[in-house]
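Each residue takes its place number in the sequence, starting with 1.
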Amino acid sequence: MDFIKELFKQLQDIMQENKDYLIDLDSVVGDGDLGLTMSDGFTAAYKKIKDTTEADIGKTIYQAGKAMSTAVPSTMGTLMASGLMEAGKNLKGKTELDNSDIALLFKSYFDGVAKRGKAKLGDKTFLDGLGPAVDSMNTSVSAGDDLKTMATKAFEAATKGFDDTTKMKAVHGRAAIRGEESRSLQDPGAAVATLIIKALCNSVE
């Protein structure tokens with residue numbers, strides 16, 4: 001459970017540190033509130049679980065997701081909370097995590113967001129940052145990488161996924177209104193995904 005508490009602390013901290021960066025990115029394609037949503041949302045999630053005595057990791061992650069959904073009921077807030085809640089469901093009963101469980105956590109996060117947002121890879125969303133990281137984690141599990149190596153490779157994959165959103169046409173949100181003009185823009189959601197994986201790297205450190 002110490003790892004999960006540290007992960008959520010790092011999520012809170014990295015979203016606070018990058019609040020203005022996300023606001024600036026989102027101001028180009030959205031309404032500019034992404035930085036506040038992520039900072040407030042992950043702060044609420046961490047506050048909910050930081051002093052918990054619950055041993056069940058899945059239940060704890062689910063509770064963090066519920067707290068986030070209440071704190072930031074916007075579209076992106078709801079999507080991020082849905083990812084956490086899906087991960088919580090799939091890790092229910094776990095009191096310790098190995099690398100395959102951590103890979104499952106992020107795969108479940110991906111699935112929860114995809115299901116709630118009705119989006120898929122290539123739609124120029126958060127998923128295009130997280131998807132490559134999840135694939136990288138699964139490869140690392142198969143290769144027997146240690147956690148630090150797994151996290152580092154996942155961050156590199158997420159960063160490339162984020163960079164690749166400049167080749168995609170937006171399908172969802174305000175950016176989609178721009179049609180072909182949306183291709184050259186960086187997707188703020190995919191930037192959030194890279195920060196989430198960076199938080200994983202920081203928590204492993």
*Sequence neighbours excluded, which residues qualify as salt bridge (charged side-chain N to carboxylate O under 4.0 Å, His left out) partners of Lys153?*
Asp145

Contacts under 3.5 angstrom, residues 198-205 side chains, donor-acceptor by atom type, not counting sequence neighbours:
| unit_1 | atom_1 | unit_2 | atom_2 | d |
| --- | --- | --- | --- | --- |
| Ser203 | OG | Ala199 | O | 3.4 |
| Ser203 | OG | Leu200 | O | 2.7 |

*Verify, without hydrogens or angle tests, whether Asp33 (side chain) and Leu36 (backbone) share a donor-acceptor contact under 3.5 angstrom.*
no

Can you give the donor-acceptor pairs under 3.5 Å from side chains of residues 105-115 to other protein atoms, not counting sequence neighbours?
| unit_1 | atom_1 | unit_2 | atom_2 | d |
| --- | --- | --- | --- | --- |
| Lys107 | NZ | Asp111 | OD1 | 2.9 |
| Lys107 | NZ | Asp111 | OD2 | 2.8 |
| Ser108 | OG | Asn90 | ND2 | 2.9 |
| Ser108 | OG | Leu104 | O | 2.7 |
| Tyr109 | OH | Met80 | O | 3.2 |
| Lys115 | NZ | Glu86 | OE1 | 3.3 |

*So do Met168 and Thr165 actually touch side chain to side chain, heavy atoms under 4.5 Å?*
yes

*Does the side chain of Phe126 come within less than 4.5 Å of Ile196's, by heavy atoms?*
yes

*Can you name the closest pair of heavy atoms from Glu96 and Ile57 and give their distance?*
N-CD1, 3.7 Å

*Show the numbers, then the answer: is there a side chain to side chain contact (heavy atoms under 4.5 Å, CB included) between Asp146 and Thr149?*
CA-CA 5 Å; Asp146 61 33; Thr149 302; 2.7 Å; yes

*Establish, from distance only, whether the side-chain atoms of Ser100 and Asp98 form a donor-acceptor pair under 3.5 Å.*
yes

*Between Ser39 and Lys19, what is the shortest heavy-atom contact and its length?*
CB-CD, 3.9 Å

*Quick one: pull up NZ in Lys50 and NZ in Lys5 and give me the separation to the nearest 0.5 Å.*
9.5 Å

*asked:* Keeping Asp24 on the side-chain end and Tyr21 on the backbone end, is there a donor-acceptor pair under 3.5 Å?
replied: no

_Test side chain to side chain contact (heavy atoms under 4.5 Å, CB included) on Leu11 and Leu195; report intermediate values, then the result._
CA-CA 8 Å; Leu11 284 166; Leu195 292 177; over 6 Å; no

*asked:* Whether the side chain of Asp26 engages the backbone of Leu22 through a donor-acceptor N/O pair (distance < 3.5 Å, no angle test) should be reported.
replied: no

*Which heavy atom in Thr52 sits nearest to a heavy atom in Thr60, and how many Å separate them?*
CG2-CG2, 4.1 Å

*State, to 0.1 Å, how close Tyr62 and Met85 come at their nearest heavy-atom pair, and which atoms those are.*
CD1-O, 3.4 Å

*asked:* Would you say Leu25 ends up clustered with Val171 if hydrophobic residues are merged whenever their side chains have heavy atoms under 4.5 Å apart, either directly or through other cluster members?
replied: no

_From Ile49 atom CD1 to Phe8 atom CZ, the distance as rounded to the nearest 0.5 Å_ = 5.0 Å

*If you measure from CD on Gln12 to CZ on Phe42, what distance do you get to the nearest 0.5 Å?*
11.0 Å

